[in-house]
Amino acid sequence: MALAHAPLRPKSSGESPPPTTPAPSRAGSVLMRGLQVPIVWLGPGGLYVVTASRGSPYEDTIRLVGPTTGRVEAREQLPGLVVNWSHFVLSAGNLWVVIERPNSKSSFTDDLLALGAADLHVRHRLVLPQPAELGMAAAGGWVWVEGARDLLKVAPGTGRLESTVALPAPSSGDLASDRTGTVLASVHFGDVLDLLNPSTGAVVAHYQGEQGDGAEIAGIADGQVFTETGIGHGSSVQRFDIGDRKFHQVYGWGYSPRLVVSGDRFLFNVYAGYGARAKAPNYCGLAATGQPLATLPDQAAPPEGSAVGYARGTLYYLTASGTTYDLDRVGLPGCR
């Protein structure tokens, strides 16, 4: 996360500002220490933590970590490096991830792995016919992977590739689904959002966003698709309401905002500027309306921390500790 930039001014929007009374600031409970460039995804049964493998530069290690104890309940070395880390999905009792592995000195192959959600053992492995991009989703009874040219439709029970569907745009940006598997959405460059049929992958509705840059999906919850557009100072976050078919600006400003969607809540986590007095509206909010509920504790706000998930009144976040990271948790009652 870059530090050498000037603070930005708040952007005006129709959304309500976050509360001015901060949540209680108290020391978090450290779950894990000394993590090397971790990727953390919060699932219903715990935290999935990916770090570089000490044995090979082309392999990652994944752990299932207890959300209250920090105890490692399962561990597995992956035969490659995790690719589309922002969209791990659960389907048919498995955690689905895409990895990249070298097949020669100059080329790589992408594989789709189905790992047992509780033991992380490899259940299925599919060599993808084309490189994977950012998106992956579980919707309509299928696992969907965004390839370089097509959407790849995979049967979760067997791990087999059933069919390919042409991407909704020549250069797609991201793909994601909600946890119920009833909403499948794609965003691509030009800030265009497409709602897709979750069973077939066909485009059923097409919408133009308010920004002009490329977009990624931060998450989908309660009929809302949260998107992030741009990079650095030009960053913006939006909430697309599937019910009213409109984009709504999410209140917040800063440098490279990070939006984490967990259940029916979202977390706005951003670095606002440099210096001890630089402040940003880091808060949690209600996904269905975009209404802010509570500010994040001081230690969980950049540059000290980065939110990775929220569940049942607890915020999970990473904090930098020298060249490594700690995984922490803290109660956030105002976000219930």
Side-chain angles (χ1 to χ4, degrees), residues 39 41-46 48 50 59-60 62 64 74 76-101 103 108-169 172-188 194-205 216-217 219-221 225 242 261:
I39 298 166
W41 188 77
L42 176 62
Y48 294 95
V50 177
E59 293 181 344
D60 280 335
I62 185 169
L64 174 60
E76 195 74 20
Q77 187 162 309
L78 301 175
L81 302 174
V82 171
V83 178
N84 46 7
W85 55 269
S86 62
H87 295 310
F88 293 171
V89 297
L90 288 169
S91 182
N94 294 321
L95 177 72
W96 297 78
V97 301
V98 173
I99 62 165
E100 179 186 73
R101 57 180 174 82
N103 56 29
F108 293 82
T109 298
D110 288 353
D111 294 346
L112 175 66
L113 300 181
L115 310 175
D119 60 18
L120 300 180
H121 293 166
V122 177
R123 299 285 193 268
H124 305 296
R125 181 171 179 169
L126 172 66
V127 179
L128 298 179
Q130 53 189 271
E133 298 295 333
L134 287 176
M136 185 163 60
W142 305 98
V143 172
W144 295 92
V145 179
E146 181 192 10
R149 300 178 300 276
D150 305 292
L151 295 180
L152 309 178
K153 182 180 179 180
V154 178
T158 63
R160 294 178 181 174
L161 178 63
E162 293 294 321
S163 63
T164 60
V165 181
L167 287 168
S172 191
D174 202 4
L175 175 79
S177 58
D178 63 347
R179 285 200 171 183
T180 63
T182 58
V183 178
L184 182 63
S186 171
V187 294
H188 44 88
D194 289 312
L195 296 181
L196 311 180
N197 184 309
S199 299
T200 67
V203 176
V204 296
E216 295 181 9
I217 300 178
I220 303 175
V225 183
I242 296 175
V261 180

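Atom CG of residue L184 and atom CG of residue N197 lie 8.5 Å apart, to the nearest 0.5 angstrom. Note that NE2 of H188 is 14.0 Å distant from CG of L134, once rounded to the nearest 0.5 Å. Rounded to the nearest 0.5 Å, atoms CG (L112) and CG (L126) are 5.5 Å apart. Atoms CD1 and CD, on I99 and E59 in that order, are 8.5 Å from each other to the nearest 0.5 Å. Note that CD1 of I220 and CD1 of I242 are 6.5 Å apart. Values are rounded to the nearest 0.5 Å.
When all heavy atoms are compared, the tightest approach of L161 to P129 is CD2-CG, 3.9 Å. Between G201 and V165 the shortest heavy-atom distance is O-CG1, 4.0 Å. Between L64 and A118, the shortest heavy-atom contact is CD2-O, 3.6 Å. Pairing each heavy atom of W41 with each of F88, the nearest pair is CZ2-O, 3.3 Å. The two residues P44 and L90 have their closest heavy-atom pair at CD-CD1, 3.2 Å. Pairing each heavy atom of A155 with each of E162, the nearest pair is CB-OE2, 3.6 Å.
Of the possible polar contacts, none joining the D150 side chain to the L152 backbone as a donor-acceptor pair under 3.5 Å is found. With hydrogens and angles disregarded, no donor-acceptor distance shorter than 3.5 Å links the side chain of H87 to the backbone of G135. Under a 3.5 Å cut-off, the side chain of Q130 and the backbone N or O of A148 do form a donor-acceptor pair. Listed for the D111 side chain is no donor-acceptor partner under 3.5 Å among the backbone atoms of R125. Not one N or O on the side chain of W142 forms a donor-acceptor pair closer than 3.5 Å with the backbone of T200. At distances below 3.5 Å, not a single donor-acceptor pair connects side-chain atoms of S163 with backbone N or O atoms of K153. In this structure, T164 contributes its side chain and L151 its backbone to no donor-acceptor pair below 3.5 Å.
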request  = Tell me, with the steps shown, if I62 and L95 meet side chain to side chain contact (heavy atoms under 4.5 Å, CB included).
outcome  = CA-CA 11 Å; I62 185 169; L95 177 72; 3.8 Å; yes
inquiry  = Between E146 and N84, is the side chain to side chain contact (heavy atoms under 4.5 Å, CB included) condition met? List the steps.
reply    = CA-CA 9 Å; E146 181 192 10; N84 46 7; over 6 Å; no
task = Could you check V145 against D110 for side chain to side chain contact (heavy atoms under 4.5 Å, CB included), going step by step and ending with a plain yes or no?
result = CA-CA 11 Å; V145 179; D110 288 353; over 6 Å; no
request  = List the steps and the verdict of side chain to side chain contact (heavy atoms under 4.5 Å, CB included) for W144 and M136.
outcome  = CA-CA 6 Å; W144 295 92; M136 185 163 60; over 6 Å; no
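Partner of V82 under the side chain to side chain contact (heavy atoms under 4.5 Å, CB included) criterion, out of L113, V98, V50: V50 alone. The one candidate from L42, L115, I39, L120 that meets the side chain to side chain contact (heavy atoms under 4.5 Å, CB included) condition with Y48 is L120.
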